[in-house]
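Quick notes on the structure that follows.
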There are 2 protein chains.
Amino acid sequence: MNSLPEQLVDGTAGDSGFDVGARLRAVREANGLSQRELARRAGVTNGTISLIEQNKNSPSVSSLKKVLDGIPMTLAEFFAQDEPPQDQVFFRAAELVTLTRGAVSFRQVGARAGHALQILHEHYAPGADTGRAMLRHDGEEGGIVLRGRIELTVGDRREILGPGDAYHFSSRIPHRFRNPGDEECELISACTPPYL
Amino acid sequence: MNSLPEQLVDGTAGDSGFDVGARLRAVREANGLSQRELARRAGVTNGTISLIEQNKNSPSVSSLKKVLDGIPMTLAEFFAQDEPPQDQVFFRAAELVTLTRGAVSFRQVGARAGHALQILHEHYAPGADTGRAMLRHDGEEGGIVLRGRIELTVGDRREILGPGDAYHFSSRIPHRFRNPGDEECELISACTPPYL
DNA sequence: TAACAGTGTTTAAAAAACTCAACAACGCAA
DNA sequence: TTGCGTTGTTGAGTTTTTTAAACACTGTTA
């Protein structure tokens with residue numbers, strides 16, 4: 001049942017919001033390689049390269065990786081061209097987006113997507129807690145306490161930090177923030193990549 | 001003819017030098033999604049997610065993109081790696097390393113090397129200036145002003161920021177900080193990667 | 001002109017990914 | 001306990017990608 005084996009992804013940007021075919025063709029030509037030469041280096045056939053470049057098929061990650069190895073180029077480099085522009089530089093206090101998660105509020109600097117860095121001005125009400133289920137995600141995070149006290153648990157370590165104290169850890173370690181006092185706690189944090 | 005339809009990519013990191021399965025599982029769990037919930041949002045079946053996470057198949061770029069759209073996360077973010085060693089987590093106020101550059105002082109959270117994130121508590125004396133020769137380096141940086149005023153020039157844009165105001169830009173754009181007032185200026189900044 | 005070496009494209013068969021539906025395991029409430 | 005809802009995994013069948021080989025086109029050489 002294939003009366004219309006037309007290209008399933010449309011000819012231009014495809015269904016992926018990222019024009020894999022055009023990107024591969026540009027990269028290949030920028031390196032002065034023919035389809036056949038790249039195919040030989042990559043250990044695939046020239047037909048595969050042709051079809052990918054025309055967006056007539058969507059390569060598997062493993063075959064795309066093989067092809068890029070023949071360039072050579074990493075997957076991250078290949079896709080690291082789609083980051084949106086987004087270039088607001090200055091943010092007035094009133095412009096900071098405020099996010100609320102129960103007794104914790106975050107004032108976020110700029111937008112979340114397309115950046116490698118996220119900066120938050122966080123406020124923890126007395127007793128506020130990010131939850132018993134510990135947080136875990138990629139990247140690193142750190143911060144400095146401005147006011148009040150915060151109890152921070154990272155893996156099997158736990159400390160109570162006060163004004164001027166700071167922290168920095170890999171976000172892959174399970175972690176939890178809790179305000180154990182009667183006073184609001186205020187801190188500024190940064191993390192990479194953004195995760196909220 | 002499929003006498004050995006075993007997994008072609010080995011169980012761990014696969015043939016791609018990048019463990020797509022483990023990475024997807026980590027990302028999904030970090031966002032608190034079940035395989036089924038992610039599958040529903042992405043418009044694929046839960047079986048697909050399961051097989052990908054076990055590295056029993058290598059998804060096509062278009063299906064991986066669909067899956068990531070349900071997170072949401074871009075392909076570039078997915079393939080961007082990170083490697084944090086070093087593990088001091090808590091830093092008492094007195095422990096913060098202080099660096100001085102003329103009329104500007106930085107109190108640094110943790111060590112500089114081997115991290116993707118650097119956090120600084122900066123103090124600019126009245127008139128302090130990072131110099132007429134504009135700064136330029138890789139990464140992104142941002143911060144929030146706590147006290148005083150700072151004049152920030154980024155490319156051809158210039159603003160004076162006060163308490164609560166913030167900034168965020170690509171460090172590749174030439175930039176310069178200057179305290180134009182009579183009062184000390186204090187701010188907390190973050191940048192990635194570290195550059196001092 | 002013909003013969004050749006290079007290019008990218010296209011087709012049928014083989015291989016791999018994807019779907020659908022069933023399965024086993026766990027936690028939780030009745 | 002039973003029952004229900006959830007989790008992740010698995011097998012049979014369908015769809016898509018990949019291969020291998022042929023095709024059409026270009027520029028060069030004889």
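Below, read A as the first sequence line, B as the second, and so on, with proteins coming before strands; counting in each chain starts at 1. If you're wondering where the values come from, they're calculated on a predicted model, not measured in any experiment.
Residues satisfying the side chain to side chain contact (heavy atoms under 4.5 Å, CB included) test with Thr45(B), not counting sequence neighbours, are Thr48(B). Contacts of Arg149(A) classified as salt bridge (Lys or Arg N to Asp or Glu O under 4.0 Å), with partners at least two apart in sequence or in another chain: none. Not counting sequence neighbours, the partners of Arg36(B) by the side chain to side chain contact (heavy atoms under 4.5 Å, CB included) test are Ser34(B), Asn46(B). Contacts of Glu183(A) classified as side chain to side chain contact (heavy atoms under 4.5 Å, CB included), with partners at least two apart in sequence or in another chain: Arg147(A). Scored by the side chain to side chain contact (heavy atoms under 4.5 Å, CB included) test, Arg28(A) finds Arg25(A), Leu33(A), Gln35(A), Leu38(A), Ile49(A), Glu53(A) as partners (sequence neighbours excluded).
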Report summary line: Quick tally for nucleotides 6-13 of chain C: nucleotides whose base has a protein heavy atom under 4.0 Å get B, sugar-phosphate-only ones S, the rest -, giving -BBBB---
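The phosphate of dT16(D) has neither OP1 nor OP2 within less than 4.0 Å of any side-chain N or O from Ser58(A).
Between Lys66(A) atom NZ and dT17(D) atom C1' the separation is 12 Å, expressed in whole Å. As a whole-Å value, the separation of Asn57(A) CG from dT18(D) P is 5 Å.
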